[in-house]
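Both backbone and side-chain heavy atoms feed into the values below; hydrogens, waters and symmetry mates do not. Start at 1 and go down the list; that is how both ligands and their atoms are numbered.
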Amino acid sequence: MEDTTKFNTSKLGTKEYWDEFYALEKKNFENNPEDTGECWFDDNDAEARMIEFLEDNIGIHHIKYDCSICDLGTGNGHLLFELVQNGFNGPMLGVDYSEQSIEFTKKVSQTKRLPVEFSATDIFNESWAPRRFDVVLDKGTLDAVALSGLTKENGKSFVELYPEVLDKLLVKGGVFLITSCNFTESELIKIIQTENLKAWSKIEYPSFSFGGVQGTAICSIAFVKLN
Ligand SMILES: C[S@@+](CC[C@H](N)C(=O)[O-])C[C@H]1O[C@@H](n2cnc3c(N)ncnc32)[C@H](O)[C@@H]1O
């Protein structure tokens with residue numbers, strides 16, 4: 001059977017694309033401080049639904065208002081800024097391999113005086129040794145990684161290495177919440193679930209019907225780290 005977790009490559013999988021994208025967003029913000037950039041999956045209200053999911057699950061596993069949170073491929077940092085606006089007040093870190101993205105997020109957080117840390121980091125860099133977090137978030141980042149088509153020297157794709165990144169980042173009992181438009185629910189579970197990181201819950205989105213098949217444009221799944 002065809003492995004549908006493998007995707008064609010695209011410019012959205014290159015660092016150059018994101019550097020250019022966020023350089024432009026930074027410029028727009030400098031010209032208009034109200035313009036804090038594009039929110040990925042805005043049409044599906046993904047950001048608000050991810051925050052609502054965390055709020056609805058306060059007290060479960062490690063989700064608390066003061067829990068530590070890391071946003072992988074944070075882009076313009078908007079998800080973390082919105083979490084702060086919604087009362088989350090633990091240590092927060094946004095990482096992105098695009099230096100332009102991080103310069104932009106730092107500029108926005110300084111202007112708005114928001115207590116969020118940002119770091120220009122490739123999440124697949126083996127020498128990256130971050131602290132562990134209660135909650136790790138991904139909105140569209142694994143999608144971009146999949147479009148890079150990149151592999152390590154040992155032939156493993158970056159998508160296949162993603163669970164190792166999560167294992168290094170999460171505390172025991174920590175939660176990983178991901179939103180994707182490239183992968184279906186079952187594909188995400190196939191990629192991410194391990195002995196130690198189990199699919200736990202999901203966010204419901206309105207579904208559509210096409211050619212007799214039911215589907216949703218995006219999906220969000222939460223995983224919990226057992227040990
Ligand atoms: C589709 S965008 C989503 C951005 C943000 N999460 C949002 O919802 O607006 C994908 C992001 O992943 C980042 N990214 C891709 N590969 C990465 C890697 N290996 N390490 C860190 N960031 C990466 C890109 O720079 C880009 O900001």
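- Ligand 1 places these atoms under 4.0 Å from at least one heavy atom of Phe124: 19 (N).
- The 12-atom threshold is exceeded at NZ of Lys15, counting heavy atoms of other residues, nucleotides or ligands nearer than 6.0 Å.
- Protein heavy atom closest to atom 2 (S) of ligand 1, with residue, atom name and distance, is Trp18 CH2, 3.5 Å.
- Taking every non-hydrogen atom of Thr121 and a distance limit under 4.0 Å, the qualifying atoms of ligand 1 come out as 20 (N), 21 (C).
- Listed by atom number, the atoms of ligand 1 under 4.0 Å from Gly75 heavy atoms are 4 (C), 27 (O).
- With ligand atoms numbered from 1 in the order given, ligand 1 contributes 4 (C), 5 (C), 6 (N), 11 (C), 12 (O), 13 (C), 22 (N) to contacts under 4.0 Å with heavy atoms of Gly73.
- Ligand 1 places these atoms under 4.0 Å from at least one heavy atom of Asp122: 18 (C), 19 (N), 20 (N).
- Not a single donor-acceptor pair under 3.5 Å links the side chain of Ser68 to the backbone N or O of Phe133.
- Residue contacts with ligand 1 do not include Asp143, since none of its heavy atoms lies under 4.0 Å from the ligand.
- Contact annotation: for Phe158 versus ligand 1, there are no heavy atoms closer than 4.0 Å.
- Remark: ligand 1 and Lys139 share an N or O pair separated by less than 3.5 Å (distance only, no angle test).
- Residues Ile189 and Leu142 are members of one and the same hydrophobic cluster, defined by side-chain heavy-atom contacts under 4.5 angstrom among Ile, Leu, Val, Met, Phe, Trp and Tyr.
- Using a 30° and 60° split on the angle between ring planes, Trp40 and Trp18 fall in the perpendicular class, above 60°.
- Not a single heavy atom of Leu79 sits under 4.0 Å from any atom of ligand 1.
- Each of the following atoms of ligand 1 lies closer than 4.0 Å to a heavy atom of Tyr22: 4 (C), 26 (C), 27 (O).
- With Ser101 contributing its side chain and Asp96 its backbone, the two residues share no donor-acceptor pair below 3.5 Å.
- Checked against the 6.0 Å centroid criterion, the rings of Phe104 and Phe81 do not qualify as a close aromatic pair.
- Residue contacts with ligand 1 for Thr74 involve N, CA, C or O but no side-chain atom from C-beta outward (heavy atoms, distance under 4.0 Å).
- Counting the atoms of ligand 1 from 1 in the order shown, those under 4.0 Å from a heavy atom of Gly140 are 1 (C), 10 (C).
- Of the charged side-chain nitrogens involved, none lies within less than 4.0 Å of a carboxylate oxygen, so that Glu99 and Lys106 do not count as a salt-bridged pair.
- Ranked by closest heavy atom to atom 25 (O) of ligand 1, the top entry among Ile123, Leu80, Thr14, Asp96 is Asp96.
- By the 6.0 Å contact criterion, CD on Glu20 is open, its count of non-hydrogen atoms from other residues, nucleotides or ligands being 12 or less.
- From the protein, the heavy atom lying nearest to atom 23 (C) of ligand 1 is Tyr97 CD2, 3.5 Å.
- Atom CD of Glu103 is surrounded by more than 12 heavy atoms from other residues, nucleotides or ligands within 6.0 Å.
- Taking only non-hydrogen atoms, the option from Trp40, Tyr17, Phe104 nearest to atom 1 (C) of ligand 1 is Trp40.
- With respect to Lys156 and Glu164, a salt bridge is recorded, a charged nitrogen being found less than 4.0 Å from a carboxylate O.
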